[in-house]
Amino acid sequence: MSSIRERNQELILRAASEEFAEKGFAATKTSDIAQRAGLPKPNVYYYFKSKENLYREVLETIIEPLLDAAEPFNQPGEPGDVLRAFIRAKIRISRDHACASKVFANEIMHGAPHLSHERVAQLNAQANHNIARLQGWIDEGLMAPIDPRHLMFSIWAATQTYADFDWQITTVTGKASLDDSDYEAAAETIIRLVLKGCEIRERAAQPVSQ
(Lines give C-alpha, C1' and ligand atoms only; values in the text may rest on other atoms or scores of the structure.)
Protein backbone atom coordinates (compact mmCIF):
# COMPACT_ATOMS: atom_id res chain seq x y z
CA MET A 1 0.00 0.00 0.00
CA SER A 2 2.82 2.41 0.85
CA SER A 3 4.38 1.95 -2.60
CA ILE A 4 1.04 2.74 -4.27
CA ARG A 5 0.64 5.81 -2.08
CA GLU A 6 4.15 7.03 -2.87
CA ARG A 7 3.63 6.41 -6.59
CA ASN A 8 0.35 8.31 -6.63
CA GLN A 9 1.79 11.20 -4.63
CA GLU A 10 4.74 11.42 -7.01
CA LEU A 11 2.42 11.41 -10.04
CA ILE A 12 0.28 14.16 -8.54
CA LEU A 13 3.29 16.29 -7.52
CA ARG A 14 4.83 16.00 -10.98
CA ALA A 15 1.56 16.89 -12.67
CA ALA A 16 0.99 19.77 -10.25
CA SER A 17 4.47 21.15 -10.91
CA GLU A 18 3.75 21.19 -14.63
CA GLU A 19 0.28 22.74 -14.25
CA PHE A 20 1.39 25.42 -11.78
CA ALA A 21 4.42 26.22 -13.94
CA GLU A 22 2.25 26.67 -17.03
CA LYS A 23 -0.76 28.44 -15.51
CA GLY A 24 0.17 29.80 -12.08
CA PHE A 25 -1.58 29.04 -8.80
CA ALA A 26 -4.87 30.89 -9.39
CA ALA A 27 -5.56 29.54 -12.86
CA THR A 28 -4.68 25.92 -12.09
CA LYS A 29 -7.60 23.53 -11.45
CA THR A 30 -7.29 20.39 -9.39
CA SER A 31 -9.26 18.56 -12.09
CA ASP A 32 -6.50 19.42 -14.61
CA ILE A 33 -3.85 18.17 -12.20
CA ALA A 34 -5.74 14.91 -11.71
CA GLN A 35 -6.21 14.46 -15.45
CA ARG A 36 -2.53 15.09 -16.09
CA ALA A 37 -1.58 12.63 -13.37
CA GLY A 38 -3.98 10.03 -14.76
CA LEU A 39 -5.79 9.72 -11.44
CA PRO A 40 -9.32 10.49 -10.18
CA LYS A 41 -9.78 14.03 -8.84
CA PRO A 42 -10.67 12.78 -5.31
CA ASN A 43 -7.15 11.32 -5.08
CA VAL A 44 -5.70 14.82 -5.17
CA TYR A 45 -7.75 15.81 -2.13
CA TYR A 46 -7.16 12.47 -0.43
CA TYR A 47 -3.38 12.87 -0.51
CA PHE A 48 -3.01 16.66 -0.27
CA LYS A 49 -6.33 17.96 1.22
CA SER A 50 -6.40 21.18 -0.85
CA LYS A 51 -4.90 22.90 -3.88
CA GLU A 52 -2.97 25.26 -1.60
CA ASN A 53 -1.41 22.36 0.32
CA LEU A 54 -0.42 20.76 -2.96
CA TYR A 55 1.09 24.03 -4.16
CA ARG A 56 3.13 24.27 -0.96
CA GLU A 57 4.34 20.71 -1.47
CA VAL A 58 5.50 21.62 -4.99
CA LEU A 59 7.45 24.52 -3.50
CA GLU A 60 9.01 22.11 -1.01
CA THR A 61 10.33 19.98 -3.89
CA ILE A 62 12.54 22.90 -4.97
CA ILE A 63 13.42 24.42 -1.58
CA GLU A 64 15.28 21.36 -0.34
CA PRO A 65 17.45 21.10 -3.49
CA LEU A 66 18.17 24.84 -3.26
CA LEU A 67 19.35 24.46 0.32
CA ASP A 68 21.34 21.34 -0.56
CA ALA A 69 23.01 23.20 -3.45
CA ALA A 70 24.52 25.63 -0.95
CA GLU A 71 26.13 22.82 1.08
CA PRO A 72 29.63 23.57 -0.35
CA PHE A 73 29.46 26.94 1.45
CA ASN A 74 28.85 25.10 4.73
CA GLN A 75 32.09 23.10 4.48
CA PRO A 76 35.76 24.14 4.57
CA GLY A 77 37.12 24.69 1.08
CA GLU A 78 38.91 26.95 -1.36
CA PRO A 79 36.72 29.61 -3.01
CA GLY A 80 37.23 28.20 -6.50
CA ASP A 81 36.18 24.70 -5.46
CA VAL A 82 33.16 25.95 -3.53
CA LEU A 83 31.93 28.17 -6.37
CA ARG A 84 32.40 25.40 -8.94
CA ALA A 85 30.39 22.95 -6.83
CA PHE A 86 27.67 25.51 -6.11
CA ILE A 87 27.25 26.51 -9.77
CA ARG A 88 27.10 22.88 -10.90
CA ALA A 89 24.50 22.08 -8.24
CA LYS A 90 22.38 25.04 -9.33
CA ILE A 91 22.57 23.95 -12.97
CA ARG A 92 21.46 20.44 -11.97
CA ILE A 93 18.43 21.95 -10.27
CA SER A 94 17.51 23.77 -13.49
CA ARG A 95 17.87 20.49 -15.38
CA ASP A 96 16.10 18.18 -12.92
CA HIS A 97 13.49 20.50 -11.36
CA ALA A 98 12.63 22.89 -14.19
CA CYS A 99 8.89 23.11 -13.53
CA ALA A 100 9.26 23.48 -9.77
CA SER A 101 11.88 26.17 -10.40
CA LYS A 102 9.37 28.11 -12.52
CA VAL A 103 6.77 27.77 -9.75
CA PHE A 104 9.28 29.02 -7.19
CA ALA A 105 10.29 31.97 -9.39
CA ASN A 106 6.64 32.95 -9.88
CA GLU A 107 6.07 32.68 -6.13
CA ILE A 108 9.01 34.99 -5.43
CA MET A 109 7.84 37.50 -8.05
CA HIS A 110 4.52 37.73 -6.20
CA GLY A 111 6.14 38.34 -2.81
CA ALA A 112 6.27 34.69 -1.64
CA PRO A 113 2.72 34.63 -0.15
CA HIS A 114 2.69 30.83 0.19
CA LEU A 115 6.14 30.36 1.71
CA SER A 116 6.14 29.90 5.47
CA HIS A 117 8.06 32.36 7.62
CA GLU A 118 10.29 29.48 8.68
CA ARG A 119 11.23 28.63 5.10
CA VAL A 120 11.85 32.27 4.20
CA ALA A 121 14.07 32.63 7.25
CA GLN A 122 15.93 29.44 6.36
CA LEU A 123 16.56 30.51 2.76
CA ASN A 124 17.64 34.00 3.85
CA ALA A 125 19.96 32.61 6.52
CA GLN A 126 21.66 30.34 3.99
CA ALA A 127 22.01 33.19 1.48
CA ASN A 128 23.52 35.46 4.13
CA HIS A 129 25.89 32.69 5.19
CA ASN A 130 27.05 32.25 1.58
CA ILE A 131 27.56 36.00 1.22
CA ALA A 132 29.56 36.08 4.46
CA ARG A 133 31.84 33.31 3.14
CA LEU A 134 32.42 35.31 -0.05
CA GLN A 135 33.22 38.43 1.98
CA GLY A 136 35.62 36.40 4.10
CA TRP A 137 37.53 35.29 1.01
CA ILE A 138 37.60 38.88 -0.22
CA ASP A 139 39.02 40.00 3.13
CA GLU A 140 41.70 37.28 2.87
CA GLY A 141 42.71 38.53 -0.56
CA LEU A 142 41.53 35.33 -2.26
CA MET A 143 39.00 37.18 -4.42
CA ALA A 144 38.70 40.57 -6.07
CA PRO A 145 36.91 43.19 -3.90
CA ILE A 146 33.50 42.90 -5.53
CA ASP A 147 30.08 43.15 -3.88
CA PRO A 148 29.39 39.58 -2.66
CA ARG A 149 25.62 40.09 -2.62
CA HIS A 150 25.49 41.02 -6.28
CA LEU A 151 27.82 38.16 -7.12
CA MET A 152 25.34 35.78 -5.47
CA PHE A 153 22.41 37.40 -7.31
CA SER A 154 24.29 37.03 -10.61
CA ILE A 155 24.95 33.33 -10.02
CA TRP A 156 21.29 32.76 -9.15
CA ALA A 157 20.18 34.51 -12.33
CA ALA A 158 22.71 32.80 -14.59
CA THR A 159 21.91 29.28 -13.39
CA GLN A 160 18.15 29.52 -12.88
CA THR A 161 17.54 31.03 -16.31
CA TYR A 162 18.04 27.56 -17.80
CA ALA A 163 14.83 26.48 -16.05
CA ASP A 164 12.80 29.65 -15.72
CA PHE A 165 13.41 30.86 -19.28
CA ASP A 166 13.98 27.56 -21.04
CA TRP A 167 11.54 28.50 -23.81
CA GLN A 168 13.76 31.42 -24.79
CA ILE A 169 16.91 29.29 -24.63
CA THR A 170 15.49 26.44 -26.70
CA THR A 171 14.13 28.94 -29.23
CA VAL A 172 17.52 30.58 -29.68
CA THR A 173 19.38 27.25 -29.82
CA GLY A 174 16.79 25.75 -32.17
CA LYS A 175 16.34 22.69 -29.96
CA ALA A 176 13.14 21.13 -28.71
CA SER A 177 14.81 20.64 -25.34
CA LEU A 178 18.26 20.96 -23.85
CA ASP A 179 20.44 17.88 -23.38
CA ASP A 180 23.22 17.05 -20.95
CA SER A 181 25.88 18.62 -23.18
CA ASP A 182 23.99 21.93 -23.07
CA TYR A 183 23.86 21.91 -19.28
CA GLU A 184 27.54 20.98 -19.11
CA ALA A 185 28.41 23.85 -21.46
CA ALA A 186 26.28 26.19 -19.34
CA ALA A 187 28.03 25.14 -16.13
CA GLU A 188 31.50 25.47 -17.65
CA THR A 189 30.71 28.87 -19.13
CA ILE A 190 29.30 30.29 -15.88
CA ILE A 191 32.17 28.83 -13.85
CA ARG A 192 34.73 30.39 -16.20
CA LEU A 193 33.05 33.79 -16.08
CA VAL A 194 32.70 33.77 -12.30
CA LEU A 195 36.18 32.50 -11.46
CA LYS A 196 37.91 34.79 -13.98
CA GLY A 197 35.75 37.77 -13.04
CA CYS A 198 36.35 37.24 -9.34
CA GLU A 199 40.10 36.83 -9.89
CA ILE A 200 40.15 33.76 -7.66
CA ARG A 201 43.49 33.14 -5.96
CA GLU A 202 44.67 30.03 -4.18
CA ARG A 203 45.95 30.14 -0.61
CA ALA A 204 49.71 29.95 -0.29
CA ALA A 205 50.88 26.42 0.52
CA GLN A 206 51.76 25.95 4.16
CA PRO A 207 55.39 24.94 4.80
CA VAL A 208 55.84 21.36 5.87
CA SER A 209 57.07 21.13 9.45
CA GLN A 210 60.31 19.28 9.96
Side-chain angles (χ1 to χ4, degrees), residues 2-25 28 33 36-37 44 46-77 81-134 149 151-166 178 180 183-184 186-187 190-191:
S2 61
S3 62
I4 295 174
R5 182 186 186 88
E6 290 170 2
R7 173 185 170 276
N8 287 347
Q9 287 177 324
E10 183 179 345
L11 287 172
I12 293 169
L13 276 172
R14 186 184 304 123
S17 294
E18 293 167 357
E19 288 289 324
F20 289 134
E22 291 175 8
K23 302 173 184 175
F25 175 75
T28 295
I33 294 171
R36 194 162 199 155
V44 176
Y46 175 76
Y47 290 115
F48 295 98
K49 309 304 180 187
S50 69
K51 186 176 80 168
E52 183 164 353
N53 282 346
L54 179 54
Y55 180 79
R56 291 179 189 275
E57 287 296 324
V58 170
L59 289 174
E60 285 295 317
T61 67
I62 191 70
I63 290 173
E64 283 301 325
L66 287 173
L67 291 170
D68 290 343
E71 186 58 27
F73 281 99
N74 301 333
Q75 306 296 330
D81 295 334
V82 172
L83 287 167
R84 284 188 193 93
F86 178 60
I87 290 167
R88 286 193 172 279
K90 292 287 276 83
I91 285 291
R92 284 196 296 273
I93 291 172
S94 286
R95 181 193 66 191
D96 299 339
H97 304 278
C99 288
S101 180
K102 290 187 182 76
V103 175
F104 181 78
N106 191 53
E107 174 72 9
I108 297 302
M109 284 190 289
H110 287 83
H114 297 92
L115 282 181
S116 68
H117 295 302
E118 292 77 13
R119 276 310 202 185
V120 170
Q122 193 175 11
L123 289 166
N124 285 341
Q126 183 64 64
N128 287 326
H129 172 76
N130 299 350
I131 290 165
R133 286 292 304 275
L134 293 170
R149 295 166 301 175
L151 172 59
M152 188 58 58
F153 302 154
S154 295
I155 294 173
W156 290 349
T159 54
Q160 288 166 214
T161 194
Y162 287 90
D164 302 343
F165 295 95
D166 60 342
L178 301 181
D180 287 344
Y183 291 108
E184 176 62 22
I190 297 167
I191 289 169

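The structure presented is a predicted model; accordingly, all values stated were derived computationally and were not measured.
For the atom pair CG of Leu54 and CG of Leu13, the computed distance is 6.0 Å after rounding to the nearest 0.5 Å. Distance OH/Tyr162 to CZ/Arg92: 15.5 Å, rounded to 0.5 Å. Interatomic distance, Tyr46 OH to Asn8 CG, rounded to the nearest 0.5 Å: 10.0 Å. The distance from atom OG1 of Thr61 to atom NE2 of His97, rounded to the nearest 0.5 Å, is 7.0 Å. The CD atom of Gln9 sits 12.0 Å away from atom CD1 of Ile4, with the distance rounded to the nearest 0.5 Å. Here Ile191 contributes atom CD1 and Leu83 contributes atom CG; the two are 9.0 Å apart, rounded to the nearest 0.5 Å.
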List the steps, then state whether side chain to side chain contact (heavy atoms under 4.5 Å, CB included) holds for Val103 with Ile62. CA-CA 9 Å; Val103 175; Ile62 191 70; over 6 Å; no

I would like to know whether Asp180 and Arg95 meet side chain to side chain contact (heavy atoms under 4.5 Å, CB included); could you show each step before the answer? CA-CA 8 Å; Asp180 287 344; Arg95 181 193 66 191; 3.8 Å; yes

Do Arg119 and Leu67 pass the side chain to side chain contact (heavy atoms under 4.5 Å, CB included) test, and can you show the C-alpha distance, the side-chain angles, and the key distance before you say yes or no? CA-CA 10 Å; Arg119 276 310 202 185; Leu67 291 170; 3.6 Å; yes

Stepwise side chain to side chain contact (heavy atoms under 4.5 Å, CB included) check, Phe73 with Met152: CA-CA 12 Å; Phe73 281 99; Met152 188 58 58; 3.9 Å; yes

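Side chain of Ser101 to main chain of Asp164: no donor-acceptor pair is present (N/O by atom type, distance under 3.5 Å, no hydrogens or angles). Between the side chain of Lys102 and the backbone N or O of Asp166, no donor-acceptor pair lies under 3.5 Å.
Heavy-atom contacts from other residues, nucleotides or ligands closer than 6.0 Å to CZ of Phe165 number 12 or fewer.
For Ala69 against Phe86, the heavy-atom pair with the smallest separation is O-CD1, 3.2 Å. Heavy-atom minimum distance, Lys90 versus Thr159: NZ-OG1, 3.0 Å. Shown here for His129 and Asn74, the closest heavy-atom pair between the two residues is CD2-OD1, 3.2 Å. Looking at every heavy atom in both residues, Gly77 comes nearest to Arg133 through O-NH2, 3.7 Å. Scanning both residues, Ile33 and Ile12, for their nearest heavy atoms gives CG2-O, 3.9 Å. Nearest heavy-atom pair across Ala158 and Ile190 is O-CD1, 3.6 Å.
We find that Glu18 and Lys23 are not joined by a salt bridge, their nearest charged nitrogen and carboxylate oxygen being 4.0 Å or further apart. Using a cut-off of 4.0 Å between Lys/Arg side-chain N and Asp/Glu carboxylate O, Glu22 and Arg36 are scored as salt-bridged. The residues Glu10 and Arg14 are annotated as salt-bridged, a charged nitrogen and a carboxylate oxygen being separated by less than 4.0 angstrom.
The side-chain heavy atoms of Glu184 and Ile91, taken from C-beta on, include no pair separated by under 4.5 Å. The side-chain heavy atoms of Arg84 and Arg88, taken from C-beta on, include no pair separated by under 4.5 Å.
For Glu107, the side-chain contact (heavy atoms from CB on, under 4.5 Å) test picks out Tyr55, Leu59, Ala112, Pro113, His114, Leu115, with sequence neighbours left out. Phe48 pairs by the ring pair (Phe, Tyr, Trp, His ring centres under 6.0 Å) definition with nothing, not counting sequence neighbours.
For the 3.5 Å distance criterion, the side chains of Gln126 and Asn130 qualify, holding a donor opposite an acceptor.
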